[in-house]
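Proteins come first, then strands; the chains are lettered A, B, ... in the order of their sequence lines, and each starts at number 1.
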2 protein chains.
Amino acid sequence: MNNLISIKSATLSEDIAQQLTNAIVQGHIPQGSKISEPELAKQYGISRGPLREAIVKLEGLGLVTRTANVGARVIQLNTQDMLDTFTMREALEGMAARLAATTMPADEINNLYALLDKHQAHLDANQDEHYVQQGGNDDFHLRIIHASGNAKLIRLLTEELYAVIRMYRRHTSDQRSDPRQALREHKAILDAIANHEGDLAELLMRRHISRASKLLEQAMHQAASAASR
Amino acid sequence: MNNLISIKSATLSEDIAQQLTNAIVQGHIPQGSKISEPELAKQYGISRGPLREAIVKLEGLGLVTRTANVGARVIQLNTQDMLDTFTMREALEGMAARLAATTMPADEINNLYALLDKHQAHLDANQDEHYVQQGGNDDFHLRIIHASGNAKLIRLLTEELYAVIRMYRRHTSDQRSDPRQALREHKAILDAIANHEGDLAELLMRRHISRASKLLEQAMHQAASAASR
DNA sequence: AAACAACAAATTGTCGACAATATAACTTGA
DNA sequence: TCAAGTTATATTGTCGACAATTTGTTGTTT
């Protein structure tokens, strides 16, 4: 049962790693569930060799935990890990914003202003709030990260951390978040970057992420208490 | 040729990953060199299966880069990557120091003061400067990281980043560094933590790492110009 | 009935062999 | 002599099978 369109890639191992990542982030493989090598190998129609390499990769991404001679399990989302992850994100994206304040070229700044204007228009028309919340939000953050010019930082944030972050956001329908407030904060951050105020950009980015983290925490607690009722 | 004492571990793959990490960090496998799977498998007396899993793990640690159908190469140290890495470290350890300022228990603070006193004594006796520089330095930093209480941060810094950091320090004999100055800075950081001044602790830790980074940069430039002469 | 021991089944870890791809060596033509 | 094309070699990617370990089951004993 090849349940996902197979993205052509150089090697089977990469393909599977990508597909497994998506499957986990989107919840097709539920959190806390065991990864059965024979079962998955049969599902994807491959042997266990490349599958195991993919699982090792996922372990590096922090999406699964492995125990010798026992196997791999999808991570179990919980509030503490979320807070820990977002604290790291705060430090790293704060630094990215600081760097971007000195390295982001003028035209890219204008592009980002245009992006925020588009978000504003979407919100004013009261259409597609969800778009601004999800894709738009990521877009803004990713482009600041890339503007940092720090290759290591870019790789860590976009390739390693963001899988888990997206997982947390997807699994907690954060209806609490106020897109208009987020947009205001984005604008303030961009202003600081445009003015080359690194200190301020870092401070604002940290606050912005910290606030998102607190909202997520509330949502998770609410979900947890609802589940236990 | 089993050239390293084999550390007993649950799985061959883990063993090999550990041994390869050491071999790379200590330069037994030179930077930029190609990783030949058949050759290494023969050297360690294992098959290519677990070896490949180990290599995938090393790729996650950023110690090797892999290209499909071509193979793995040990990373090539260069100034830009070093600066990028230390910038990340600055952000992350700065955050760790901030967190430690509110979470580190009193007795652990005392332990760290005792550690610094020991370093001071070593320096005053003019003996074993090297010890203070290498092992002692890491000790201090690692214990602050652990005191942060942030499991994700601890894992990232100690298991992923520090391999590369140690590699940079080892390959550039940083005789420039002034152990006494470093010790003063350590003391100031610890004072801030003891006083629960998170802002200050973060600021000082950042400066401390930034300074180390600049010294390393000078050492690398000097080494580079000496090599081209 | 509960706890423990012995056994059975299934899963993970490891291996050697084959297929696919890339690199090196060689040949041919201008 | 050099360039391009072709063959040969070596290395990586993948597979199926076996060994080692864990987990689940059954049976026995107190």
State plainly whether the residues B:D138 and B:R169 are in salt-bridge range, i.e. N to O under 4.0 Å.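 Salt bridge flag = yes for B:R169 with B:D138.
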
Rounded to whole angstrom units, what separation is found between the [atom1] atom of [X] and the [atom2] atom of [N]?
X     : N      : atom1 : atom2 : result
A:E37 : C:dG13 : CD    : P     : 6 Å
A:Y44 : D:dC15 : OH    : P     : 15 Å
B:L40 : C:dC15 : CG    : P     : 14 Å
A:L51 : D:dG13 : CG    : P     : 16 Å
A:R48 : D:dC15 : CZ    : P     : 12 Å
A:E53 : C:dT12 : CD    : C1'   : 16 Å
A:K42 : C:dA10 : NZ    : P     : 12 Å
B:R66 : C:dT21 : CZ    : C1'   : 15 Å

Nearest-nucleotide pick for [X], side chain only, options being [options]:
X     : options                : result
B:L12 : D:dT12, C:dC15, D:dC15 : C:dC15
B:I46 : D:dT11, C:dG13, C:dC15 : C:dC15
B:P50 : D:dT14, C:dA22, C:dT14 : C:dT14
B:T11 : D:dT22, C:dT14, C:dT23 : C:dT14
A:S47 : C:dT11, D:dC15, C:dG13 : D:dC15

By nearest nucleotide on DNA chain D, pick out whichever of B:I35 and A:V70 is the more 5' one.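 Nearer the 5' end of the strand: B:I35.
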
More 5' along DNA chain D: B:P38 or A:A68, using each one's nearest nucleotide?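 Taking each residue's closest nucleotide, the earlier one in sequence belongs to B:P38.
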
Tell me whether the side-chain N/O atoms of A:K34 come closer than 4.0 Å to OP1 or OP2 in C:dT12.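 For C:dT12, OP1/OP2 do have a side-chain N/O of A:K34 under 4.0 Å.
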
At less than 4.0 Å, is any side-chain N or O atom of A:R52 found next to OP1 or OP2 of C:dG13? Yes or no.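 Yes.
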
Do side-chain atoms of A:S210 reach the backbone of A:R206 as a donor and acceptor pair under 3.5 angstrom?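 No, because the side chain of A:S210 does not come within donor-acceptor range (under 3.5 Å) of the backbone of A:R206.
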
Heavy atoms only: give me the nearest B:G149-A:D84 pair and the separation to one decimal.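 Looking at all heavy atoms of both residues, the closest pair is O-OD2, 4.4 Å.
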
For A:V74 against A:Q31, the heavy-atom pair lying closest together: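 Taking A:V74 first and A:Q31 second, the nearest heavy atoms are CG1-CA, 3.7 Å.
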
Interatomic spacing from CZ in A:R66 to CG in A:L58 - rounded to 0.5 Å: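 The CZ atom of A:R66 sits 10.0 Å away from the CG atom of A:L58.
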
